[in-house]
Each structure stands twice: as structure tokens, then as C-alpha cells.
**Student:** 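First, the structure itself, so that you have it in front of you.
Just so it is clear, the values below take in all heavy atoms, side chains as well, and ignore hydrogens, waters and symmetry mates.
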Amino acid sequence: MSIYESRLHDRSIRLLTLLPGHDSDQLLCELFHASLESPVPYEALSYVWGNESITEPITCCGKPQNITLNLAAALRRLRSHESPRVLWVDAICINQEDTNEKNHQVQLMGDVYAQAICVIAWLGEDDDRTGALVMFILTILKIFFTSNSLYKPRPTYRDYLTQNAPVGPVMETISTYSGLGDPITAFNSMFQKQYWQRVWCVQELVRARSIVIRMGAMEVAGEMLGNFVAWYQSQTFLTQDAGPITLKGLDNAGRMLGTFGNRDELGQDITALLPTLSTYRAFQATDRRDKVYGVLGIFNKTGDQYDITVNYGKSVTEVYIDVVWATAQTTKSLEIFSYVDNYPSHAPDGEFPSWVPQWHKPSVSLRYTPPEQISASSGRPLRLISRETYNLQTIPLSGISFDNVTHASSEVNRGRSLFGPDDDVKALLLSLADQAENRGCQSDGGVLEGDQMCIPTAIALATAFTGGLMSLDVRGHQMTHIHGPYVKDSNITEYMTDFWNCVRTQRSPESAPQQSLFENLAHIMCHQRRIFQTNKGYVGSGPACMRVGDHVVVLNGGRVPYVLRPLSGDGREYAFMGECYVHDIMQGEIGHMLGQDGVQEKEFVLR
């Protein structure tokens with residue numbers, strides 16, 4: 001017999017009253033309807049379901065109901081001995097057997113967590129009994145940073161981020177004097193919890209007004225843990241050492257807690273769909289459709305409205321294609337194409353079109369990030385033909401065909417040297433640097449008239465390796481772009497000086513064994529990319545899957561150029577390889593090249 005008497009509609013939700021009891025008592029609860037328009041005070045539980053095949057019976061509304069063991073453990077920890085507690089728990093408050101209700105309630109989940117008086121993040125039981133040490137460390141750090149935060153009632157997220165307090169000595173001191181065990185083991189135990197890997201848990205914390213972290217009997221404010229993560233990440237970045245704590249769980253916790261209570265301070269954009277999908281791309285979901293549906297609730301009401309409706313009747317491919325069309329129509333741009341990662345051995349699998357980001361796969365390289373005012377298409381508007389005109393697997397677009405790729409270097413990878421002794425990346429660098437140096441051309445230009453080949457300028461060659469970036473400060477969330485509005489001549493001079501120092505080092509590697517700043521930046525931006533040259537001599541960087549014969553194009557509505565691969569003899573259908581950077585056409589210059597040397601407007605059907 002079902003515990004659900006009627007289906008939920010509009011802004012209505014169910015809330016659970018957890019009845020009081022003692023540890024060994026069976027869990028008892030009641031359900032009642034409420035409205036998000038005028039909700040009664042409640043707490044929302046954020047947790048991982050766990051193995052759904054192993055359950056424990058509870059009594060809900062006087063009827064038997066099975067729940068997972070992890071949820072049962074959480075409710076036992078939260079149950080009062082004396083008074084009822086009002087909670088929202090998805091596994092019980094939503095009829096999981098009713099697909100229509102599930103679709104409806106998933107749309108509301110962001111608001112459910114946003115309106116809760118507190119979100120309780122249940123990590124699971126404290127199996128390694130390290131919770132007391134974690135709590136002790138967080139308290140000590142808070143006291144330390146409070147004493148160093150002059151004129152402030154309490155330390156802020158930014159204080160933790162910028163404080164110079166090396167991880168090693170701090171942890172060693174705590175370990176010596178606490179008598180509670182090894183702090184590294186304690187934090188590894190906590191950050192290895194499955195909770196930090198699940199995409200559904202993201203919106204539940206990002207939208208929260210207040211967060212409490214629970215692990216067994218341990219209870220700590222979410223702000224304290226978020227500040228600890230900020231401190232740890234900032235210190236390990238300074239030393240370029242990953243440190244002893246498991247990075248994946250800690251980094252994920254930073255993404256989940258770093259926005260909490262600090263959005264105004266950090267200027268974080270939680271209203272844009274694509275950066276959000278990208279930020280949480282590495283998180284896990286049992287159902288791949290939830291890589292999209294699981295973050296929809298993050299956006300507040302002031303953000304862009306995307307025409308994406310939760311519908312578990314659709315396939316994964318259909319849901320991902322919905323995202324492409326919805327974002328293109330909302331943003332009037334092809335920004336989403338910069339999130340496509342076609343891996344080095346690109347081979348269409350038949351399930352996903354080449355132009356659709358596969359959100360269940362991790363990103364392989366950093367996106368190019370030109371300043372807002374920069375557009376390779378020079379403001380040529382995106383005009384989408386009706387979606388119904390073409391089949392599910394294709395998208396028709398207008399643009400300009402620029403040039404063909406005649407040379408593509410080996411793939412660059414952070415796991416090995418950028419310029420190996422026998423690497424063709426090094427050979428290409430030195431060859432093109434010699435050409436640029438012989439022409440004495442270190443300023444913009446370098447495009448020759450008629451049928452002559454373009455000899456790349458030094459600045460075009462340098463920026464091909466760094467994607468236009470001249471500096472990148474991960475810790476301070478700052479980057480300097482060659483086309484940035486506040487770039488000074490002195491910035492460019494310093495950047496180019498470092499480039500030529502790198503070239504000289506590669507010519508005589510024994511003279512300077514230490515990596516230059518330019519080489520470090522190039523290693524970051526060129527990861528999983530190739531340096532290429534086109535038929536006319538232009539140089540750039542593009543996706544690792546590109547090869548000789550691919551086309552460089554500028555699509556209307558695109559801020560960067562793209563690499564396409566012809567699929568048909570008539571030159572109409574193409575596979576999408578990825579975004580690319582070509583210095584000489586990043587600011588709309590291609591519009592002035594129309595009609596010259598095969599540069600022409602064209603219709604492209606991407607498959």
C-alpha cells in the first residue's frame with residue numbers, strides 16, 4: 001500500500017516529520033503537504049543514497065517503507081529523543097515510482113534547498129573515528145585566522161585564501177600537540193567519502209542558506225570546512241605541491257562549498273549554465289542525464305532562463321542536444337562549442353554528434369578565454385534554422401571558410417616535457433621563430449598580399465602556444481590576455497621577452513635548464529592540443545584530434561575559430577573537432593579577407 005495519497009502539483013512539496021525515538025527504536029515518520037510559496041520551517045537533508053538493493057524497513061504514515069542503509073543511518077543521527085523534526089528527504093518526500101511527479105519535483109529541488117532553514121550534508125558514518133580530530137583542526141585554524149584578521153569580527157573566505165601559513169608545519173604542529181592522531185589521515189578519510197563525488201549534492205549545497213556537515217557524531221559548520229579547503233588549496237598552489245590530502249575529494253568540496261557565503265566577495269557567476277556544467281563535469285551520476293538535470297537547480301531567479309525541461313522519457317543524447325539548442329538560443333552565441341572535448345583518437349561512436357559536449361566525460365583541456373569584446377566572427381549574428389528542419393544528429397550553421405591545415409604537431413601533454421629533444425613541437429617552434437626573427441617582425445601584421453604565404457609574426461607564434469594568455473594566476477582567479485582592454489605595452493614587451501628567452505633556451509638547452517614562465521604557461525594551455533600551420537602559413541593551436549586536411553573556419557556567433565573535418569565530397573557536411581586559436585583572425589579580421597585566397601562565406605552542416 002502506497003504512502004502517497006495524491007500527486008504533487010505547482011509549487012507543492014511533501015515534508016517529513018521525523019518522530020522522536022532512541023537508537024534501537026524503529027524509525028517512524030509522517031508526511032504532510034506544504035507549499036514553497038509559504039513554506040513551514042524545515043531542514044533539507046543532502047546525502048548519497050548508497051546501495052539501493054540493500055534496505056532497511058521504516059514506518060511512514062503507518063505503512064512500511066524501505067530506505068537505503070545510508071539514509072537510515074542519517075535519520076537515526078538526526079532523530080531527537082524528545083521532539084519531532086521536520087525534514088525534506090528526496091527518497092521519501094518524492095514518489096520515486098511516479099515519473100511525472102519526479103520530473104516535476106526535480107525542477108523544484110533548487111528552490112527546496114534554497115528555502116530550507118538549514119541544509120544538513122550527511123557524509124556517512126565516521127568509520128575511521130577521525131571526526132573529533134577534524135573538528136579540532138578546524139577550530140584551531142579558525143582561532144589562528146581570527147587572531148590574524150585585524151579589525152574583523154571573524155576571518156573571511158578571502159583571509160583563508162591569502163594567508164601565508166604552509167600546510168606542512170601547521171599539520172605537523174597539530175599532530176604533535178593534539179594527541180588525537182594524524183590530521184592528514186583524518187582529512188583523507190573525510191574527503192574520500194562518496195558524498196564529494198556526486199553531482200546531485202552540488203546544487204544542494206550551492207543553493208543553501210546555511211550548511212551543517214555531519215559525519216557520524218561530528219557536526220561542523222559548512223563555512224568552516226569551506227574555509228579550510230580554501231586555505232589548503234592556496235598553500236599547495238604556492239608551493240606547486242599537491243600536498244598529502246586526496247585532491248579529488250578536496251577540490252570537489254571546494255567547488256561545492258567555495259560558493260557558500262562568498263558569492264558577493266568572489267563575484268562568482270552561478271546564473272550561467274555552461275560554466276556551471278563545466279565546473280561540476282567531473283562529478284558522478286548514476287544516470288548520465290543527471291549531469292544536466294542535477295545542476296539545473298543551481299541558477300537563481302535572476303539568471304538566464306534556459307528552455308530545458310526535466311524529462312526522464314528522453315535519452316541521454318536528446319538531453320545533451322537540448323542543452324546545445326537551449327544555450328545557443330538563450331545566449332545568441334556558439335559559446336557551448338568551446339566545451340566540446342573530442343578526445344585525441346576521435347572516432348564517432350554513433351551515440352553523440354561531434355558537436356555535442358558529452359557532460360559525463362571529464363574536460364581534457366582549458367578553454368580559450370578571449371576578453372568579452374573580442375569576437376572572431378566580429379559580431380556576425382547566429383541564426384539558427386528551426387530544429388525540426390534537420391534530424392537529431394545535425395545542426396546547420398553559417399560562417400566563413402578560412403584555410404586548410406597542412407601541418408599538425410604531435411599532441412602536447414602535461415605529463416611530459418613541452419619541448420623534448422626530438423619533439424616536432426620544438427622543431428616547429430624553432431623553424432617559425434627563425435622566420436619571424438629574420439623578418440624582424442614582432443608586432444601585429446605579417447600577412448602578405450596575393451598568393452604569397454603569411455609568415456607568422458613572433459606574437460602570433462607566441463600566442464599560439466598560450467592561447468592568447470600572457471599570464472595566469474590561478475590563486476587570484478586572474479588572467480591577462482593579449483587582447484585585454486587594460487594590457488599595456490610593457491606587459492606585451494615582458495611577455496615577448498620571456499618568449500624569446502624560451503626560444504634561446506631551446507636553441508641551446510644546456511644554457512638554462514629551468515623552465516621559463518612562458519613555457520609553464522604554454523604547458524598549461526597546450527595540454528591535449530596540437531600546434532598547427534595552415535596552407536597560407538597561419539599558425540595556431542587546436543584540439544588534439546585535429547589532423548592535416550581539417551578546415552579552420554569562423555562560424556557566425558562564435559567568439560573563436562573552430563576546426564572542422566569534411567565528411568562528404570561536396571564539402572557540405574562536417575564533423576566538429578573543437579575550438580582553436582589563430583592570433584591573426586581573433587578580432588574579426590576574417591571579414592576583411594572575404595573573397596581573397598579562397599576565404600568565403602559558406603553553409604556548414606555539422607554531424
Side-chain angles (χ1 to χ4, degrees), residues 1-19 27-49 52 58-63 65-68 70-72 74-75 78-80 83-122 198-212 214 270 285 287 289-290 292-301 303 305 308-313:
M1 183 176 268
S2 175
I3 61 175
Y4 307 105
E5 296 180 354
S6 60
R7 180 180 289 172
L8 297 170
H9 297 283
D10 301 321
R11 301 272 295 169
S12 63
I13 61 172
R14 293 187 191 91
L15 292 174
L16 177 150
T17 302
L18 181 61
L19 300 178
L27 291 164
L28 304 175
C29 61
E30 301 286 343
L31 292 176
F32 66 94
H33 285 212
S35 172
L36 287 174
E37 298 300 328
S38 54
V40 299
Y42 66 92
E43 299 168 287
L45 181 63
S46 175
Y47 68 106
V48 174
W49 280 29
E52 295 179 51
I58 67 170
T59 299
C60 185
C61 303
K63 301 169 186 174
Q65 179 79 0
N66 289 323
I67 62 174
T68 62
N70 190 47
L71 175 54
L75 294 179
L78 297 177
R79 179 171 58 179
S80 168
S83 58
R85 191 167 188 172
V86 178
L87 301 167
W88 188 86
V89 182
D90 63 346
I92 302 174
C93 294
I94 299 175
N95 184 354
Q96 301 294 330
E97 302 300 320
D98 186 335
T99 300
N100 289 330
E101 180 175 294
K102 186 178 175 182
N103 289 342
H104 170 260
Q105 290 288 289
V106 166
Q107 297 273 171
L108 299 178
M109 282 178 65
D111 290 342
V112 169
Y113 283 93
Q115 294 195 27
I117 58 174
C118 178
V119 171
I120 304 163
W122 171 252
R198 304 302 292 179
V199 72
W200 272 113
C201 298
V202 171
Q203 68 167 338
E204 298 165 6
L205 297 192
V206 171
R207 290 295 303 274
R209 286 192 261 173
S210 173
I211 299 173
V212 169
R214 287 292 303 260
I270 60 167
D287 187 328
R289 292 169 294 191
D290 289 335
V292 174
Y293 293 158
V295 301
L296 286 182
I298 289 178
F299 312 114
N300 59 36
K301 293 183 180 179
Q305 300 301 306
I308 302 174
T309 302
V310 175
N311 183 353
Y312 284 97

**Student:** Tell me the closest heavy-atom pair linking N70 and V48, and the distance in Å.
**Tutor:** ND2-O, 2.6 Å

**Student:** For I117 and S210, work out which heavy atoms get closest and say how close.
**Tutor:** O-CB, 3.7 Å

**Student:** With rounding to the nearest 0.5 angstrom, report the CZ to OG distance, R198 to S46.
**Tutor:** 12.0 Å

**Student:** What distance separates N100 CG from N311 CG, expressed to the nearest 0.5 Å?
**Tutor:** 9.0 Å

**Student:** Looking at residues at least two apart in the chain, or sitting in another chain, which of them share a side chain to side chain donor-acceptor pair (under 3.5 Å) with R79?
**Tutor:** none

**Student:** Can you check whether Y4 reaches D98 side chain to side chain, under 4.5 Å on heavy atoms?
**Tutor:** no

**Student:** Which class fits the ring pair Y312 and Y293: parallel under 30°, tilted 30 to 60°, perpendicular over 60°?
**Tutor:** perpendicular

**Student:** Does the side chain of L87 come within less than 4.5 Å of L75's, by heavy atoms?
**Tutor:** yes

**Student:** Between R11 and D111, is there a side-chain heavy-atom distance shorter than 4.5 Å?
**Tutor:** yes

**Student:** I'd like to check the side chain to side chain donor-acceptor pair (under 3.5 Å) partners of S35; sequence neighbours left out, ordered by chain and number.
**Tutor:** none

**Student:** Report the distance from atom CD1 of I211 to atom CD of E204, rounding to the nearest 0.5 Å.
**Tutor:** 10.5 Å

**Student:** Has the side chain of Q115 got a donor or acceptor atom that lies under 3.5 Å from a matching backbone atom of E37?
**Tutor:** no

**Student:** Atom CD1 in I3, atom SG in C61: separation rounded to 0.5 Å?
**Tutor:** 5.5 Å

**Student:** Distance-only, no hydrogens or angles: does the K63 side chain make a donor-acceptor pair with backbone N or O of S2 under 3.5 Å?
**Tutor:** yes

**Student:** Between Q203 and G297, is there a donor-acceptor pair closer than 3.5 Å when you use the side chain of the first and the backbone of the second?
**Tutor:** yes

**Student:** Do the side chains of R7 and E101 get close enough for a salt bridge, i.e. N-O under 4.0 angstrom?
**Tutor:** no

**Student:** Considering all heavy atoms of both residues, which atom of A285 and which atom of V199 are nearest to each other, and what is their separation?
**Tutor:** CB-CG1, 3.6 Å

**Student:** Judged by atom type as modelled, is there a donor-acceptor pair below 3.5 Å linking the side chain of Q107 to the main-chain atoms of V310?
**Tutor:** yes

**Student:** Would you name the heavy atoms of I298 and R207 that are closest together and state the gap between them?
**Tutor:** O-CD, 3.1 Å

**Student:** Spell out, as yes or no, whether a donor-acceptor pair under 3.5 Å connects the side chain of Q105 to the backbone of S12.
**Tutor:** yes

**Student:** Does any non-hydrogen side-chain atom of L15 lie less than 4.5 Å from one of I13?
**Tutor:** yes

**Student:** Are D90 and V112 packed together at the side-chain level, in the sense that at least one heavy-atom pair is separated by less than 4.5 angstrom?
**Tutor:** no

**Student:** Is there a side-chain contact between S6 and H33 in this structure, where contact means two heavy atoms from C-beta onward sitting under 4.5 Å apart?
**Tutor:** yes

**Student:** Is Y113 reaching over with its side chain to a backbone N or O of L45, donor-acceptor style, under 3.5 angstrom?
**Tutor:** yes

**Student:** What pair of heavy atoms forms the shortest contact from R289 to G313, and how long is it?
**Tutor:** NH1-N, 4.3 Å

**Student:** Start with the C-alpha distance between L108 and L8, add both sets of side-chain angles, then the distance that settles side chain to side chain contact (heavy atoms under 4.5 Å, CB included), and finish with yes or no.
**Tutor:** CA-CA 11 Å; L108 299 178; L8 297 170; over 6 Å; no

**Student:** Do L78 and R214 touch side chain to side chain, with heavy atoms closer than 4.5 Å?
**Tutor:** yes

**Student:** Once you round to the nearest 0.5 Å, how far does CZ of R85 lie from OG1 of T17?
**Tutor:** 12.5 Å

**Student:** To the nearest 0.5 Å, what is the distance between CG (L27) and CG (L18)?
**Tutor:** 6.5 Å

**Student:** If the condition is ring pair (Phe, Tyr, Trp, His ring centres under 6.0 Å), which residues does W122 pass it with, not counting sequence neighbours?
**Tutor:** none

**Student:** So, do V119 and W88 sit near enough that their side-chain heavy atoms are less than 4.5 Å apart?
**Tutor:** no

**Student:** Using modelled atom types only, decide if a donor and an acceptor are shared between the side chain of R209 and the backbone of A114 within a distance under 3.5 Å.
**Tutor:** yes

